[in-house]
Every structure is written in structure tokens, then in C-alpha cells.
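What's counted below: heavy atoms across the whole structure, side chains too, no hydrogens, waters or symmetry copies.
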Amino acid sequence: MSEDIQNALTMFSCTDLSDAMDRLDIDCQVMGIMPLDRSFKLVGQAWTVRYGTVGQSGGSVGDYIDDLGAGQVVVLDNRGRLDATVWGDLLTMTAAKQRIAGTVIDGICRDVGRALELSYPIFSRGNWMRTGKDRVRVEAIQEPVTIGGIRVEPGDWLRGDGDGLVVIPASRLTEVLKAAKQVHEAETRIREAIERGASLRQARADNKYHQLQSRDPNSGS
């Protein structure tokens, strides 16, 4: 079942899904977190980690990576910190070997060269070499986190591409896929009409494009 969902989501871009979830009144667009390389794409279910500042009691950045399975997405909530990384070379190597779908960080990473070498998708706020050791610690695993202003619960679906990242709540997946299909097919028809010589205005009107981008009054939000 998970593989079927993964394949279905892969058919749609982040813009398809963003427009679909706008229509369904679902906050989904993760702000400020982008792929290290615009060719990176990811689809998978969230496996979450929340970080906090190290205090007098100490703590660790964690060895959680061994607990993930193939196809999952590591989602790291480091509260948007730009001064201490929570992901680097060894984690990238391990994640790629375990066929993890990718990593999302509300914060920064380092050792970018390894991710590019292995084509391992990382979405973050940037990169810098300064370690998070003795600066941040794991405070929660597999609990709800906030990434780029969007709530992510364990098991929610994430889709990332060159335009950014969206979160699809697991409880709304079926209706999101249906709405995304409508958006995707309408835009395909509009492009085909323009190729045949139609104006953009007419092609959009014929395919009720603006209605597809408006809030659905019957949304279950």
C-alpha cells in the first residue's frame, strides 16, 4: 500500500499538490526549506525528531538513524537554527545505504559533497560546517514537529522537488490525491490548448482553472 501511495504522489509536482491543498484549505507549504540541489526529489512518510538546546544536563544529537526503514523521510525540527548542524556525512552515508527516501531539516546540514555524490535528497535552510554536538540534543522522537511553519505528524506524507516541499496529512491523503489529479489534468489540457493556438484566457476558462484554485466549500478541513 505504501509503495502504491508513493507512486501516486510521484506523479504530481509540489505545485500540483500545493494548489490541491489550497483548494481543500490544508496548510501544507513548508516555507524556507529547499533542496540542496534543484534536481533532488523525495516522497515518503515522516519519521520525526525534535531538537532543543543543550543545557547543564547535556545530551546527544542521537543515533536514531538505525531505527528507520526504507522509503521513510527523516524530518528534523531544529527550530530553524542556522548556527549548528544536525546532519552530516555519516548520517548521509547510512541513510543512503538504508534506502531512506530523504532528509528534511528545519535548520542546516553539512558535508554537502557527500549528499551530491550519493544523490541523497536533503531539504534544509542551508549548510554550514559547525557541529551541533554539545549545542543541541534530541528532545523527542516520533512526536509531532513543526517544519517551516507546518505541523508534521509521524506517518504524514512529504513530497519535495525543485520548487520546495509540501506536507500531506495522512488523514487527508485520498482527497488530496483526487484534487491534485484534477489540477494536474486541467493544466495538461490548458497547455495542449495553448499549443493549438488558444489564448491563455480562453484555455483557462474552458477548463475552469480558476475554480480549481478556489477554496472548496465542501472541504472536510
Side-chain angles (χ1 to χ4, degrees), residues 1-14 17 21 28 30 33-37 39-52 59-78 85-125 127 132-133 136-148 150-161 164-174 176-177 180:
M1 178 65 73
S2 292
E3 187 174 345
D4 291 341
I5 294 169
Q6 191 171 33
N7 291 337
L9 285 170
T10 301
M11 293 174 56
F12 305 121
S13 67
C14 281
L17 292 162
M21 285 187 276
C28 71
V30 176
I33 296 175
M34 297 295 292
L36 292 182
D37 186 287
S39 67
F40 283 169
K41 296 179 172 63
L42 67 77
V43 178
Q45 286 185 279
W47 201 100
T48 63
V49 181
R50 186 170 69 248
Y51 286 92
S60 166
V61 294
D63 293 321
Y64 56 83
I65 197 70
D66 297 322
D67 299 328
L68 274 83
Q72 291 183 299
V73 175
V74 188
V75 179
L76 306 178
D77 177 359
N78 197 26
T85 184
V86 290
W87 188 272
D89 175 73
L90 298 179
L91 285 165
T92 296
M93 289 182 65
T94 305
K97 184 176 180 181
Q98 293 177 198
R99 295 185 295 114
I100 291 168
T103 298
V104 173
I105 311 168
D106 197 340
I108 58 172
C109 63
R110 67 180 188 176
D111 301 317
V112 173
R114 185 70 68 192
L116 297 176
E117 173 193 336
L118 297 175
S119 297
Y120 178 78
I122 297 177
F123 287 64
S124 70
R125 292 190 180 274
N127 59 281
K133 185 178 182 297
V136 297
R137 68 177 185 180
V138 171
E139 293 203 332
I141 287 177
Q142 285 292 70
E143 292 186 6
V145 297
T146 300
I147 300 291
I150 300 299
R151 179 182 176 90
V152 182
E153 298 190 8
D156 282 348
W157 287 86
L158 292 99
R159 173 73 166 104
D161 62 22
L165 188 76
V166 294
V167 178
I168 304 101
S171 62
R172 307 287 299 276
L173 179 65
T174 300
V176 169
L177 288 172

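- How far CD of E117 is from CG of D111: 11.0 Å, rounded to the nearest 0.5 Å.
- Across every non-hydrogen atom of Q45 and G155, the tightest pair is NE2-O, 2.8 Å.
- Of all the heavy atoms in R159 and V43, the pair that sits closest is CD-CG2, 3.2 Å.
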For side-chain contact (heavy atoms from CB on, under 4.5 Å), just list the numbers for L17 and C28, CA-CA rounded to whole Å, side-chain angles, deciding distance to a tenth of an Å, and then say yes or no.
-> CA-CA 9 Å; L17 292 162; C28 71; over 6 Å; no
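- Looking at Q98, its side chain does come within 3.5 Å of a backbone N or O of I65 through a donor-acceptor pair.
- We find the CD-CH2 distance between Q6 and W157 to be 6.0 Å, quoted to the nearest 0.5 Å.
- Rounding to the nearest 0.5 Å gives a distance of 10.0 Å between CD of E139 and CG of D77.
- Looking only at distances, no side-chain donor or acceptor of D161 sits under 3.5 Å from a matching main-chain atom of S13.
- Under a 3.5 Å cut-off, the side chain of Q142 and the backbone N or O of T48 do form a donor-acceptor pair.
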How far apart are the C-alpha atoms of Y64 and L91, what are their side-chain angles, what is the distance that settles it, and do they pass the side-chain contact (heavy atoms from CB on, under 4.5 Å) test?
-> CA-CA 10 Å; Y64 56 83; L91 285 165; 4.1 Å; yes
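- Closest heavy-atom contact between L158 and A46: CD1-CB, 3.5 Å.
- Between L76 and the options V136, T103, V138, V145, a side chain to side chain contact (heavy atoms under 4.5 Å, CB included) holds for only T103.
- Looking at I150 and V166, their side chains never come closer than 4.5 Å, going by heavy atoms from C-beta outward.
- For the atom pair I147 CD1 and S124 OG, the distance stands at 11.0 Å (nearest 0.5 Å).
- Across A101 and V73, no two heavy atoms sit closer than the pair CB-CG2, 3.9 Å.
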Could you check L116 against F40 for side-chain contact (heavy atoms from CB on, under 4.5 Å), going step by step and ending with a plain yes or no?
-> CA-CA 9 Å; L116 297 176; F40 283 169; 3.9 Å; yes
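- With hydrogens and angles disregarded, no donor-acceptor distance shorter than 3.5 Å links the side chain of N127 to the backbone of R110.
- For the pair N78 (side chain) and Y51 (backbone), a donor-acceptor distance under 3.5 Å is absent.
- Separation of atoms CD1 (I105) and CD1 (I33) is listed at 8.5 Å; rounding is to 0.5 Å.
- Within a 6.0 Å sphere centred on CG of D63, heavy atoms belonging to other residues, nucleotides or ligands number 12 at most.
- Proximity of I168 to R172: side-chain heavy atoms (C-beta onward) are nowhere separated by under 4.5 Å.
- Separation of atoms CG (L118) and NZ (K97) is listed at 12.0 Å; rounding is to 0.5 Å.
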Should D106 and V30 be marked as a side-chain contact (heavy atoms from CB on, under 4.5 Å) after you check the CA-CA gap, both sets of side-chain angles, and the distance that decides it?
-> CA-CA 9 Å; D106 197 340; V30 176; over 6 Å; no
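- The two atoms that bring P169 and D156 nearest to each other are CA-OD1, 3.5 Å, heavy atoms only.
- Closest heavy-atom contact between Q72 and W47: NE2-CD1, 3.4 Å.
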